Number of protein chains: 2
Amino acid sequence: MPIADARADDDAVAPSRVTIADVAARAGVSKGLVSFALNGRAGVSTETRDRILACADELGWTPSLRARSLSIDRSFALGLVIGRSPDVIAADPFFHAFIAGVESEFSTAGQVLVLAAVTPGRQEAVTYRGLASDRRVDGVILSDLRAGDERPALVAELGLAAVTLGRPDTDTPFPAVTIDDGAGIRTAVEHLVELGHRRIAHVAGPATMLHGHRRAEAFRAAMADAGLDGASVIETDFSANAGAEATRRLLDVSTGRRPTAIVYSNDHMALAGLAVAGRAGIPVPADLSITGFDNTELAEYVFPSLTSVATDAAAWGAVAARTLLASIAGEEPDDVELDPPRLVVRESTAVSPN
Amino acid sequence: MPIADARADDDAVAPSRVTIADVAARAGVSKGLVSFALNGRAGVSTETRDRILACADELGWTPSLRARSLSIDRSFALGLVIGRSPDVIAADPFFHAFIAGVESEFSTAGQVLVLAAVTPGRQEAVTYRGLASDRRVDGVILSDLRAGDERPALVAELGLAAVTLGRPDTDTPFPAVTIDDGAGIRTAVEHLVELGHRRIAHVAGPATMLHGHRRAEAFRAAMADAGLDGASVIETDFSANAGAEATRRLLDVSTGRRPTAIVYSNDHMALAGLAVAGRAGIPVPADLSITGFDNTELAEYVFPSLTSVATDAAAWGAVAARTLLASIAGEEPDDVELDPPRLVVRESTAVSPN
DNA sequence: AAGCTCGACTAAACCGGTTTAGTCCCGCCG
DNA sequence: CGGCGGGACTAAACCGGTTTAGTCGAGCTT
């Protein structure tokens with residue numbers, strides 16, 4: 001009888017002391033029946049069910065996640081493993097919005113978001129194995145897919161549920177939530193072409209990352225469709241530093257051969273590029289047009305403000321979360337294609353100087 | 001004997017099937033003794049202990065977190081509740097770096113980071129109660145303290161461990177991890193004063209947020225110490241939009257009364273301010289000096305590059321994580337004061353035009 | 001030699017749910 | 001009237017650890 005104790009009527013009631021057995025006692029039934037009633041299973045008369053629910057209510061009973069977890073072998077937690085080095089995460093505003101979207105869905109579903117950040121490489125598999133072998137999470141969101149990514153297979157082998165952000169180029173048993181970012185790049189290119197630009201360059205993300213690659217391919221295709229060849233593409237690691245460096249290389253040629261427009265694969269690099277141009281005395285947009293990707297908050301507030309491809313990261317997160325929840329609930333959700341990104345035209349793009 | 005099954009030698013072994021009972025059987029001892037041995041408790045002969053450990057090893061046993069959780073009443077998860085609206089989180093690069101720092105500590109401690117994002121207000125208490133009543137987490141990191149913040153008391157009442165980021169102005173039983181951001185602001189002001197500035201304004205965070213308030217106070221004090229009075233301070237919500245708006249108000253006065261320098265409470269607002277100045281044709285730093293706070297990646301890559309107060313968010317996260325882990329381990333860690341922030345001088349500050 | 005303490009170890013309870021195997025009783029059918 | 005089916009409900013096992021109460025025997029004391 002461990003309850004007997006000094007404090008008789010403390011107002012700071014020890015939380016969650018009431019168990020299913022207390023409810024059973026009060027309702028005058030067995031533990032098992034209470035469990036049935038609470039889970040809405042057959043075999044309980046409506047009358048009894050109501051009484052049990054009432055008792056649970058009166059006692060303020062809430063189920064113990066721990067116990068539930070142990071018996072039904074679920075953790076009620078979902079994971080997001082961010083496969084980038086901390087610095088890059090730190091820099092990328094996309095993730096914040098994305099996470100906010102995920103969180104909003106999970107919290108209403110009584111699930112919790114477990115965040116694991118890990119540098120890609122050997123460590124990564126270890127992290128997944130850790131999450132899975134301890135069953136810390138019931139499922140994961142796979143982001144930043146790479147070429148030949150082995151993670152879908154790994155996660156499947158570990159028996160976790162998952163959703164991928166974008167369609168992997170490997171076999172996958174998981175639903176994908178995709179957005180046609182290629183279309184976003186194409187829109188940007190078309191916008192520039194309409195403005196009369198012909199020498200358009202692309203500062204791309206790493207080709208090893210699927211979306212980096214996809215955007216670069218979309219860029220090449222859009223250029224070809226516009227009848228422009230020799231599209232110059234510089235590959236980077238998505239960092240502002242790399243964006244600045246790439247821009248310097250692009251601009252450091254004779255004026256006649258210099259691109260009149262640059263399409264960046266994210267806003268951070270575009271902003272860095274804007275600065276490089278400014279420093280080199282090349283006016284934007286008069287002599288150089290620039291487009292970004294992600295439509296970061298800052299894009300609107302810099303000078304000149306940045307034309308950017310807007311993806312709705314929060315919505316993406318929410319949809320991914322819902323899809324994962326559905327998977328875990330045993331449904332087999334289809335792939336979801338999000339609304340295509342749209343180009344937000346601002347001051348950094350104008351008619352070509354030529 | 002539930003082990004007997006069709007698949008004799010499958011290489012995809014069902015994970016974590018081996019339980020403590022299996023280990024006990026193999027070592028020829030009781031479950032309880034195995035538990036003692038594994039937890040390094042007294043009452044086991046060294047000989048037996050070694051044998052048990054060897055058996056556990058051979059069987060590849062890993063403890064079930066679920067079961068462990070249930071019996072010792074811990075969740076092995078720590079929470080970070082972000083009390084800002086999603087948009088603001090999304091915009092603030094500080095959090096990414098901070099989270100990365102936290103994560104790195106937790107993961108090596110076998111703890112997991114649970115992220116809860118919630119808009120301040122009524123909801124917030126509910127979120128904390130939810131996390132606590134289900135005991136989803138063993139402790140939390142309290143960030144973004146507000147004036148008269150009721151969260152330390154709430155969290156204490158709920159029986160969670162916690163660490164606060166900064167020292168609350170209310171009574172708290174929890175250790176605080178602090179950084180003297182006031183000193184950062186002071187350094188910025190002193191730097192500007194040395195450059196001959198006398199009309200210096202401050203674009204502050206919300207006074208309801210402790211660090212916003214503290215920075216504003218530090219600004220006023222530093223101005224007073226420099227013999228400058230009538231320090232103008234504009235309060236904002238930390239967003240780029242508000243930063244731009246505040247800057248417009250500051251600059252929209254006759255040239256003779258316009259500030260020659262503006263100290264911003266974060267980089268985002270400073271960047272937006274930079275753009276407003278540029279748009280208004282006020283050259284930075286020739287006619288206007290600008291300083292930021294946080295030393296975001298972008299600060300280095302804009303033009304002119306931004307003088308900013310650098311706090312090491314990742315280190316902050318790591319220290320907060322370690323302190324929380326110590327609390328949970330039963331130690332009573334002291335408050336930790338981080339290295340004071342340092343001013344990174346770049347191009348956006350120069351001698352006063354006067 | 002009886003009485004004690006102490007270390008090593010076992011059996012069983014326990015955490016708080018879920019789930020299975022029964023029990024009991026009632027009504028229906030042949 | 002006996003047998004059967006099935007709904008309502010109970011008792012107990014179970015998930016996989018931790019922890020308590022207790023057993024047993026060796027060694028020490030007086």
Side-chain angles (χ1 to χ4, degrees), chain A residues 1-3 14-53 55-56 59-76 110 133-136 138 159, chain B residues 1-3 14-53 55-56 59-76 110 133-136 138 159:
Chain A
M1 209 174 280
I3 293 183
S16 196
R17 277 237 54 117
V18 5
T19 80
I20 206 171
D22 300 328
V23 177
R26 169 174 259 243
V29 297
S30 68
K31 273 173 58 177
L33 201 62
V34 175
S35 177
F36 285 166
L38 292 163
N39 293 318
R41 290 179 40 161
V44 190
S45 70
T46 15
E47 186 185 2
T48 313
R49 175 186 314 273
D50 290 348
R51 183 158 39 93
I52 292 176
L53 293 180
C55 290
L59 261 35
W61 175 83
T62 47
S64 150
L65 246 98
R66 307 247 157 92
R68 209 139 202 281
S69 226
L70 178 58
S71 36
I72 70 178
D73 207 53
R74 285 206 23 203
S75 42
F76 305 99
S133 80
D134 297 349
R135 279 289 139 101
R136 304 293 305 238
D138 299 325
Chain B
M1 208 174 276
I3 293 183
S16 195
R17 277 237 52 117
V18 4
T19 81
I20 207 171
D22 301 328
V23 178
R26 170 174 258 242
V29 296
S30 68
K31 271 173 61 178
L33 200 64
V34 174
S35 178
F36 285 165
L38 292 164
N39 293 318
R41 289 178 41 161
V44 190
S45 70
T46 15
E47 185 184 3
T48 313
R49 176 185 313 275
D50 290 349
R51 182 158 40 91
I52 292 176
L53 294 179
C55 290
L59 260 35
W61 176 83
T62 48
S64 149
L65 262 145
R66 307 247 158 93
R68 210 140 200 277
S69 229
L70 179 58
S71 35
I72 70 179
D73 207 53
R74 283 202 30 199
S75 43
F76 306 99
S133 79
D134 297 350
R135 278 292 139 99
R136 303 295 302 240
D138 299 324

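What you see is a predicted model, and the numbers here were worked out from it, not measured in a lab. Letters A, B, ... are given to chains in the order of the sequence lines, protein chains preceding strands, and every chain is numbered from 1.
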Under 4.0 angstrom, heavy atoms only, what part of the nucleic acid is B/Asn39 near: base, sugar-phosphate, or nothing?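 It contacts sugar-phosphate atoms only.
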Contact class for B/Leu70 vs. all strands (heavy atom < 4.0 Å): base, sugar-phosphate, or nothing?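 Base, at least one base heavy atom under 4.0 Å.
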If I take atom [atom1] in residue [X] and atom [atom2] in nucleotide [N], what distance separates them, rounded to the nearest angstrom?
X       : N      : atom1 : atom2 : result
A/Arg68 : D/dG17 : CZ    : P     : 21 Å
B/Arg66 : D/dT18 : CZ    : P     : 16 Å
A/Asp73 : C/dT19 : CG    : C1'   : 14 Å
B/Ile20 : D/dT19 : CD1   : P     : 11 Å
A/Leu59 : C/dG16 : CG    : P     : 14 Å
B/Asp50 : C/dC9  : CG    : C1'   : 16 Å
B/Arg41 : D/dT19 : CZ    : C1'   : 7 Å
A/Ile72 : D/dC15 : CD1   : P     : 15 Å

Where is the tightest heavy-atom contact between [X] and [Y], given as atom of each residue plus distance?
X        : Y       : answer
B/Ala67  : B/Ser64 : N-OG, 3.0 Å
A/Arg135 : B/Arg66 : O-NH2, 2.8 Å
B/Ser69  : B/Ser75 : OG-CA, 3.7 Å

OP1 or OP2 of C/dG16 less than 4.0 angstrom from a side-chain nitrogen or oxygen of A/Trp61, does that happen here?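 Looking at the OP1 and OP2 atoms of C/dG16, neither is under 4.0 Å from any side-chain N or O of A/Trp61.
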Which one, D/dT18, C/dT18, D/dG17, comes nearest to the side chain of B/Pro63?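 From the listed options, D/dG17 comes nearest.
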Under 3.5 Å donor-acceptor pairs involving side-chain atoms of residues 34-45 of chain A, not counting sequence neighbours:
{"unit_1": "A/Asn39", "atom_1": "OD1", "unit_2": "A/Arg68", "atom_2": "NH2", "d": "3.4"}
{"unit_1": "A/Asn39", "atom_1": "ND2", "unit_2": "A/Ser35", "atom_2": "O", "d": "3.1"}
{"unit_1": "A/Ser45", "atom_1": "OG", "unit_2": "A/Thr48", "atom_2": "N", "d": "3.2"}
{"unit_1": "A/Ser45", "atom_1": "OG", "unit_2": "A/Thr48", "atom_2": "OG1", "d": "2.6"}

Report, as a single string ordered 5' to 3', how protein heavy atoms within less than 4.0 Å touch nucleotides 7-14 of chain D: B base, S sugar-phosphate only, - not at all. -SBB----
Taking it one step at a time, do B/Arg136 and A/Leu65 satisfy side-chain contact (heavy atoms from CB on, under 4.5 Å)? CA-CA 8 Å; B/Arg136 303 295 302 240; A/Leu65 246 98; 3.4 Å; yes
Sequence neighbours left out, what passes side-chain hydrogen bond (donor to acceptor under 3.5 Å, both in side chains) with A/Arg51? Give chain and number order.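 In terms of side-chain hydrogen bond (donor to acceptor under 3.5 Å, both in side chains), with neighbours along the sequence ignored, A/Arg51 is linked to no residue.
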Test item: B/Trp61 and B/Ile20 side chains (from C-beta on) under 4.5 Å apart, heavy atoms: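 Yes, close enough: below the 4.5 Å cut-off.
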